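Ligands are counted one by one from 1 in listed order, and the atoms in each one are counted from 1 as well. Keep in mind that the numbers below use all heavy atoms, side chains included, and drop hydrogens, waters and symmetry copies. As the structure is a computational prediction, the values presented were derived from the model and not from experiment.
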Amino acid sequence: MTDCPFCRIVARQSPADVVYEDDAVLAFKDIYPKAPVHLLIVPKRHIASLLDASEADVDTLGRCVLAARRLAETTGYAGKGFRLSVNTGPEGGQVVYHVHFHFTAGRRSRTDV
Ligand code: AMP
Ligand code: ZN
């Protein structure tokens, strides 16, 4: 069994409130939301951080960004807008080492999510 909490969610070995899924991407609600809408968009394939991303990950990471656009539409924030951020490395505030895009919406953007 993997030690990575987001791989465990992808494998359905841990619970999550899944809001979107396709063959490359899973999105679920952040367990400690910091905005009225706070979702995490993750590649199904484990990539520890953006610092580990390579050419082979370009399609998967692009699919995460397109999932954000889709989630903006399904959550009703395509008009108002949203924020997409990827904390990377210790000084980037990354806690979980499986690349994840924070999708936040519902209030003015802040820089510390
Ligand atoms: P980061 O600091 O960018 O690594 O963010 C990790 C995020 O993952 C935080 O916002 C946590 O609240 C969230 N998180 C951690 N574990 C879970 C989980 N099991 N389900 C949903 N969100 C989680
Ligand atoms: Zn993982």
Suppose I only count heavy atoms of [X] and a 4.0 Å limit; which atoms of ligand 1 are within that range?
{"X": "Val96", "value": "4 (O), 6 (C)"}
{"X": "Lys34", "value": "9 (C), 10 (O), 12 (O)"}
{"X": "His102", "value": "1 (P), 3 (O), 5 (O), 7 (C), 10 (O)"}
{"X": "Leu40", "value": "8 (O), 13 (C), 22 (N)"}
{"X": "Phe28", "value": "21 (C)"}
{"X": "Tyr32", "value": "12 (O)"}

### Path from Val37 to Val65 over hydrophobic side-chain contacts below 4.5 Å
yes

#### Entry: hydrophobic_cluster_shared for Phe101 and Tyr97, side chain cutoff 4.5 Å
no

Sub-3.5 Å N/O-N/O distance, [X] and ligand 1:
{"X": "Val95", "answer": "yes"}
{"X": "Ile31", "answer": "yes"}
{"X": "Asn87", "answer": "yes"}
{"X": "Gln94", "answer": "no"}

### Query
Going by heavy atoms, is Tyr97 under 4.0 Å from ligand 1?
no

pair [X]-[Y]: side-chain heavy atoms closer than 4.5 Å:
{"X": "Leu26", "Y": "Phe28", "result": "yes"}
{"X": "His102", "Y": "His38", "result": "yes"}
{"X": "Lys44", "Y": "Val25", "result": "no"}
{"X": "Thr104", "Y": "Leu39", "result": "no"}
{"X": "Arg63", "Y": "Thr60", "result": "no"}

Would you mind checking which non-hydrogen protein atom is closest to [atom], with the distance to 0.1 Å?
{"atom": "atom 16 (N) of ligand 1", "value": "Phe6 CE2, 4.0 Å"}
{"atom": "atom 19 (N) of ligand 1", "value": "Ile9 CD1, 3.8 Å"}
{"atom": "atom 1 (P) of ligand 1", "value": "His100 NE2, 3.1 Å"}
{"atom": "atom 11 (C) of ligand 1", "value": "Asp30 OD1, 3.4 Å"}

### Query
Parallel under 30°, tilted from 30 to 60°, perpendicular over 60°: which one fits the rings of Phe82 and Phe103?
parallel

For ligand 1, the portion of [X] having any non-hydrogen atom under 4.0 Å away:
{"X": "Lys29", "answer": "backbone"}
{"X": "Phe101", "answer": "neither"}
{"X": "Val86", "answer": "neither"}

Sidechain-backbone polar pair: [X] side chain, [Y] backbone, donor-acceptor under 3.5 Å:
{"X": "Lys34", "Y": "Tyr32", "value": "yes"}
{"X": "Thr88", "Y": "Val86", "value": "yes"}
{"X": "Gln94", "Y": "Val99", "value": "no"}

### Query
Is atom NZ of Lys29 surrounded by more than 12 heavy atoms (other residues, nucleotides or ligands) closer than 6.0 Å?
no

### Task
Would you mind naming the N, O or S atom of His98 nearest to the Zn ion (ligand 2)?
ND1

### Query
Quick check, are the ring centers of His98 and His100 under 6.0 angstrom apart?
no

### Summary
Angle subtended at the Zn ion (ligand 2) by Cys4 SG and His46 ND1, to the nearest 10 degrees, is 110°

### Message
My understanding is that we take every heavy atom of each candidate and find the minimum distance to atom 2 (O) of ligand 1. Doing that for Gly93, Ser85, Ser14, which one comes out nearest?
### Response
Gly93

